[in-house]
J.: 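Would you mind keeping the following structure in view while I ask a few things?
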Amino acid sequence: MKCLYCGCEDSKVIDSRSADEGRTIRRRRECVNCGKRFTTYETIEDTPVLVVKSSGLRQAFDAQKIKNGIIKSCEKRPVSMSAIDDMVSSVSKHVYNSMEQEISSKQIGEMVMEELKKHDEVAYVRYASVYRSFKDISSFMEELQKLMDNKH
């Protein structure tokens, strides 16, 4: 780390502390050349992930949109908010751990459906009916049949 005062590139860390609720590390440094002290902050580089919609449009990944969709599909179902938060967290981790800068909305939808399937089958079917845009009752029944076959 380059000294603010003399430009020397050698410094030693005197003290390190967590800051910003653990998202930043504050370091007190001392220049080995001039002896002056200065403070630096270390943070995680936040790389935005873009969601590629079916129309080709791109927008920043927003976990709140996933949460809203899951909440809507879980209305009047015995699914707790902590379970919903866990599902959102799981999907978000998958998105960020993919290390891709872009991910399709289709992939995210599939991840959400997998999470819903583990927690509540009715919520899963509700989400799938909107996400997959069932055109008629037969396509809806096909999805239900897949769910029934996987259960056995």
J.: Rounded to the nearest 0.5 Å, how far does CZ of R58 lie from NZ of K53?
T.: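 So the gap between those two atoms works out to 12.5 Å.
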J.: Apply side-chain contact (heavy atoms from CB on, under 4.5 Å) to M87 and V91, showing your working.
T.: CA-CA 6 Å; M87 287 186 262; V91 171; 5.6 Å; no
J.: If two hydrophobic side chains count as joined below 4.5 Å and joins carry through other members, does I71 share a cluster with Y124?
T.: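 Yes: a chain of side-chain contacts under 4.5 Å links I71 to Y124.
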J.: What distance do K67 atom NZ and K72 atom NZ have between them, rounded to the nearest 0.5 Å?
T.: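 So the gap between those two atoms works out to 15.0 Å.
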J.: Hey, any chance M113 and V95 share a hydrophobic cluster, counting ILVMFWY side chains that come within less than 4.5 Å of each other, even indirectly?
T.: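 Yes, same cluster.
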J.: State yes or no: do I66 and L57 share one hydrophobic cluster built from I, L, V, M, F, W and Y residues joined by side-chain heavy-atom distances below 4.5 Å, directly or via other members?
T.: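 Per the 4.5 Å side-chain linkage, I66 and L57 are not co-clustered.
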J.: What is the distance from atom NZ of K2 to atom SG of C31, rounded to the nearest 0.5 Å?
T.: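 Here the rounded value is 11.5 Å.
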J.: So, for I70 and V88, which heavy atoms are closest and what is the spacing to 0.1 Å?
T.: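 What the structure gives for the nearest pair is CD1-CG2, 4.0 Å.
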J.: Take atom NE2 of H94 as the centre, draw a 6.0 Å sphere, and report whether it contains more than 12 heavy atoms from other residues, nucleotides or ligands.
T.: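 Not buried by this count: 12 neighbours or fewer within 6.0 Å.
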J.: Any side-chain heavy-atom pair from C74 and Y127 closer than 4.5 angstrom?
T.: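 No, their side chains stay 4.5 Å or more apart.
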J.: Would you say Q101 has more than 12 foreign heavy atoms packed within less than 6.0 Å of its CD?
T.: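 Incorrect, the count does not exceed 12.
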J.: Side-chain contact test, heavy atoms from C-beta onward, threshold under 4.5 Å: evaluate it for S73 versus L116 and give yes or no.
T.: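 They are in contact (side-chain heavy atoms under 4.5 Å apart), so the answer is yes.
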J.: Count the heavy atoms of every other residue, nucleotide or ligand shown that sit under 6.0 Å from CE of M99, and state whether that count exceeds 12.
T.: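 Counting other residues, nucleotides and ligands, CE of M99 stays at 12 neighbours or fewer.
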J.: Just jot down the salt bridge (charged side-chain N to carboxylate O under 4.0 Å, His left out) partners of D62, sequence neighbours excluded, or say none.
T.: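 Not a single residue meets the salt bridge (charged side-chain N to carboxylate O under 4.0 Å, His left out) criterion with D62.
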J.: Could you state the interatomic distance from CD (Q64) to OG (S92), rounded to the nearest 0.5 Å?
T.: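 Taking CD in Q64 and OG in S92, the distance rounds to 10.0 Å.
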J.: Kindly indicate whether the side chain of C34, heavy atoms from C-beta on, has any atom under 4.5 Å from the side chain of C3.
T.: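 In contact.
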J.: List the residues meeting side chain to side chain donor-acceptor pair (under 3.5 Å) with K118, not counting sequence neighbours, and say none if there are none.
T.: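 If we apply the side chain to side chain donor-acceptor pair (under 3.5 Å) test to K118, skipping adjacent residues, the hits are E115.
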J.: Rounded to the nearest 0.5 Å, what separates atom CG in N33 from atom SG in C6?
T.: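 Between atom CG of N33 and atom SG of C6 there are 4.0 Å.
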J.: Of all residues at least two apart in sequence or in a different chain, which pass the side chain to side chain donor-acceptor pair (under 3.5 Å) check with R28?
T.: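 Testing R28 for side chain to side chain donor-acceptor pair (under 3.5 Å), a comparison that skips the adjacent residues, returns T39.
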J.: Kindly work out whether a path of hydrophobic side-chain contacts (I/L/V/M/F/W/Y, heavy atoms less than 4.5 Å apart) joins M1 to Y5.
T.: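 Yes, same cluster.
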J.: Would you indicate whether the side-chain heavy atoms of I103 and V52 approach each other to under 4.5 Å?
T.: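 Of all side-chain heavy-atom pairs linking I103 with V52, none is under 4.5 Å.
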J.: Can you find a pair of side-chain heavy atoms, one from K117 and one from E114, that are under 4.5 Å apart?
T.: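 In contact.
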J.: Within the 3.5 Å criterion, strictly below it, is a donor on R29 or T40 matched to an acceptor on the partner's side chain?
T.: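 On atom types as modelled, these side chains qualify, holding a pair under 3.5 Å.
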J.: Are side-chain heavy atoms of S90 and D86 found at a separation under 4.5 Å?
T.: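 The answer is no; the side chains never approach within 4.5 Å.
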J.: Give a yes or no answer on whether the side chain of R26 reaches the backbone of T24 with a donor-acceptor pair at less than 3.5 Å.
T.: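 It does not hold such a pair.
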J.: Would you call K36-E30 a salt bridge at under 4.0 Å N-O?
T.: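 Looking at K36 and E30, the cut-off is not met.
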J.: Kindly give the heavy-atom pair with the smallest separation between E100 and V49, and that separation in Å.
T.: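 Heavy-atom minimum between the residues: O-CG2, 3.9 Å.
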J.: Minimum heavy-atom separation for V51 and S104, please, with both atom names.
T.: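 Shortest heavy-atom contact: CG1-C, 4.4 Å.
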